[in-house]
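A quick write-up on the structure given underneath.
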Amino acid sequence: MNLKHASYIMTILEEGSITAAAKKLLISQPSLSQTVKAVEDELGLPIFDRRAKRLTLTYAGQRYVESMREIMTAERNFLSEIAEMKNDHRATLRIGISAQRSISLLPQILPAFLARYPLVTVELKELPSVRLEELLSKGGCDVAFITTASKQNDLEYRLLENEQIVLMASKQTAISRRIGQGTEIELSEAREENFVNLTSGHSVRTIQNHLAQLCQFEPRVLLELFNMEAAKLVTAQLNAVMVCPYGYIQGDTRVETLTKCYPLRCHGFERHFYFCYPKKLRLCSYMRDLFDIARGKCQYHTM
């Protein structure tokens, strides 16, 4: 089995086509097609189902990818252990993080980390947390900073920060005139308000959907935005409310002076901030230190 061939196959799987993968790998499409043929000839079975527009794996292809990921992880673990024995920290570390978290966290941790490990090259992958969990499971990054409510069995989750979910209400709203700042409430208290929603798939939106269903009402949506920063700024200026982690509001004078916040009774629907990595990955010293540096910068934001 050829590990380089395996990495090419995984890139095709991620990109969905040989053409797109060839562009990403900076090789010709015929050359990449020959690699696929070589792997399929070696196995004696096709690894891709070519009937759909986007390439998917056959059962043999699934088993090939699963097995090669295990082999590649074992090789990486062995090489990192040898490097530590030699006190050699030349490596590439692929870090996943959401765009929102990268703004607040990376300036706090990367200077200290790179000063300690100048020979480690950092590759950042900025994606939503749900995508980062998938990427970790598929070997697309080494570690990730993930805010999530769910956990996958093949990943390790080390808690960095608990989050408190609140309803942020513009002072123009009826709820802000009716209920005092900091009062714990059910989401149903805002059933008559206009909501600024985060897009579907965002973990905060998922929590909001669960709470609305539990309270038996459908929020009246004024706007739907992907970016949490934009959503909170818009909410502060409008006659509207939004569900948001308190940590994204605390200390932001642009919104604190224009809004009131109410801790929500979440009934078990919560999300927290984790340092995450595949369970089969051996954490080398610079990965462990990255976690320690990040843990020192995180805190519990509560009202």
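Given the structure is predicted, the values throughout are model-derived calculations rather than measurements. Just so it is clear, the values below take in all heavy atoms, side chains as well, and ignore hydrogens, waters and symmetry mates.
- Summarising the local packing, CZ of R90 is surrounded by 12 or fewer heavy atoms from other residues, nucleotides or ligands at distances under 6.0 Å.
- Rounded to the nearest 0.5 angstrom, L55 CG and S17 OG are separated by 6.5 Å.
- Between the CG atom in L223 and the CG atom in N194 there is a gap of 9.5 Å [rounded to 0.5 Å].
- Of the possible donor and acceptor atoms, one in the side chain of S176 sits under 3.5 Å from a partner among the backbone N and O of S170.
- Judged by distance alone, with hydrogens and angles left aside, the side-chain atoms of Q216 form no donor-acceptor pair with the main-chain N or O of A212 at under 3.5 Å.
- Looking at R282, K125, R94, K280 one by one, the single match for salt bridge (charged side-chain N to carboxylate O under 4.0 Å, His left out) with D142 turns out to be R94.
- Enclosure of atom CD in Q213 is not indicated, since only 12 or fewer non-hydrogen atoms of other residues, nucleotides or ligands lie within 6.0 angstrom.
- Using modelled atom types, no side-chain atom of T183 and backbone atom of I179 make a donor-acceptor pair closer than 3.5 Å.
- Under the 3.5 Å distance criterion, the side-chain polar atoms of H5 are left unmatched by any main-chain donor or acceptor of T35.
- Cation-pi contact between R116 and Y286: absent, since separation from the ring centre below 6.0 Å together with deviation from the ring axis within 45° is not met.
- Residue T121 holds its OG1 atom at 8.0 Å from CD of E123, rounded to the nearest 0.5 Å.
- Aromatic rings of F145 and Y274 (six-membered ring for Trp) have centroids beyond the 6.0 Å cut-off, not under it.
- Residues C261 and Q181 come closest through the heavy atom pair N-OE1, 2.7 Å.
- Shortest non-hydrogen contact noted between M68 and M10 is CB-CE, 3.9 Å.
- In terms of hydrophobic clustering, with Ile, Leu, Val, Met, Phe, Trp and Tyr side chains grouped at heavy-atom distances under 4.5 Å, L3 and V39 are assigned to a common cluster.
- Of all heavy-atom pairs spanning C276 and L136, the tightest one is SG-CD1, 3.7 Å.
- Put simply, L45 and V36 are part of two different groups of oily side chains (I, L, V, M, F, W, Y) that touch within less than 4.5 Å, one to the next.
- A side-chain donor-acceptor contact under 3.5 Å links S7 to the backbone of K4.
- Under the 4.0 Å criterion applied to side-chain N and carboxylate O atoms, R54 and E15 are not assigned as salt-bridge partners.
- Side-chain contact, E126 with S102: a donor N or O sits under 3.5 Å from an acceptor N or O.
- Summarising the geometry of G182 relative to Y262, their closest heavy-atom pair is N-CD2, 4.3 Å, with the distance given to 0.1 Å.
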**Report entry** Residue pair V255, K232: steps toward the side-chain contact (heavy atoms from CB on, under 4.5 Å) verdict
**Finding:** CA-CA 7 Å; V255 297; K232 72 178 186 181; 4.2 Å; yes

Report task. Apply the test salt bridge (Lys or Arg N to Asp or Glu O under 4.0 Å) to residues E163 and R271: give CA-CA distance (whole Å), side-chain angles for both, the deciding distance (0.1 Å), then the verdict. Result -> CA-CA 7 Å; E163 282 199 337; R271 68 173 213 163; 2.7 Å; yes

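- When every heavy atom of Y64 is checked against every heavy atom of N2, the shortest pair comes out as OH-O, 4.3 Å.
- Proximity of V130 to H202: side-chain heavy atoms (C-beta onward) are nowhere separated by under 4.5 Å.
- In terms of modelled atom types and a separation under 3.5 Å, the side chain of S129 and the main chain of T147 share a donor-acceptor contact.
- Both L13 and I71 sit in one connected hydrophobic cluster of ILVMFWY residues. Membership requires side-chain heavy atoms under 4.5 Å apart, directly or through other members.
- Smallest separation of non-hydrogen atoms from A236 and L258: O-CB, 3.8 Å.
- Within a 6.0 Å sphere centred on NZ of K23, other residues, nucleotides and ligands contribute 12 heavy atoms or fewer.
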Report task. Give the C-alpha distance, both sets of side-chain angles, the deciding distance and a yes or no for salt bridge (Lys or Arg N to Asp or Glu O under 4.0 Å) between R69 and E66. Result -> CA-CA 5 Å; R69 279 180 181 149; E66 289 168 4; over 6 Å; no

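- Between the SG atom of C284 and the CZ atom of R76 there is a distance of 7.0 Å, given to the nearest 0.5 Å.
- Taking 4.5 Å as the limit, every side-chain heavy atom of S31 sits out of range of all side-chain heavy atoms of Q34.
- A distance of 11.5 Å separates CD of Q62 from OG of S67, quoted to the nearest 0.5 Å.
- Using a cutoff of 4.0 Å between basic side-chain nitrogens and carboxylate oxygens, R191 and E218 are not scored as salt-bridged.
- At a threshold of 4.0 Å, the pair E186-R265 counts as salt-bridged, since one of the basic side-chain nitrogens sits closer than that to a carboxylate oxygen.
- Taking the charged nitrogens against the carboxylate oxygens, E40 and R50 do have a contact shorter than 4.0 Å, which makes a salt bridge.
- Note on L114: it clusters hydrophobically with L93, by side-chain heavy-atom contacts below 4.5 Å among ILVMFWY residues.
- V166 and L225 fall within a single hydrophobic cluster, where Ile, Leu, Val, Met, Phe, Trp and Tyr are joined by side-chain heavy atoms under 4.5 Å apart, directly or via other members.
- Listed for the R288 side chain is a donor-acceptor partner under 3.5 Å among the backbone atoms of L283.
- Listed for the E193 side chain is no donor-acceptor partner under 3.5 Å among the backbone atoms of T173.
- Checked by atom type and distance alone, the side chain of R205 pairs as donor or acceptor with a backbone atom of L198 at under 3.5 Å.
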Report task. Go through L290 and F275 one step at a time and tell me if the side-chain contact (heavy atoms from CB on, under 4.5 Å) criterion holds. Result -> CA-CA 9 Å; L290 179 65; F275 178 77; 4.1 Å; yes

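- Contact check on E161 versus R101 returns a salt bridge, with a Lys/Arg side-chain nitrogen under 4.0 Å from an Asp/Glu carboxylate oxygen.
- The environment of K37 atom NZ is sparse: at most 12 non-hydrogen atoms of other residues, nucleotides or ligands sit within 6.0 angstrom.
- Between the side chain of R178 and the backbone N or O of E189, at least one donor-acceptor pair lies under 3.5 Å.
- Distance check: F78 CZ to T73 OG1 gives 15.0 Å after rounding to the nearest 0.5 Å.
- Shown here are the salt bridge (charged side-chain N to carboxylate O under 4.0 Å, His left out) partners of R51, two or more places apart in sequence or in another chain: D49.
- Counting heavy atoms of neighbouring residues, nucleotides and ligands inside a 6.0 Å radius, atom CZ of F217 exceeds 12 of them.
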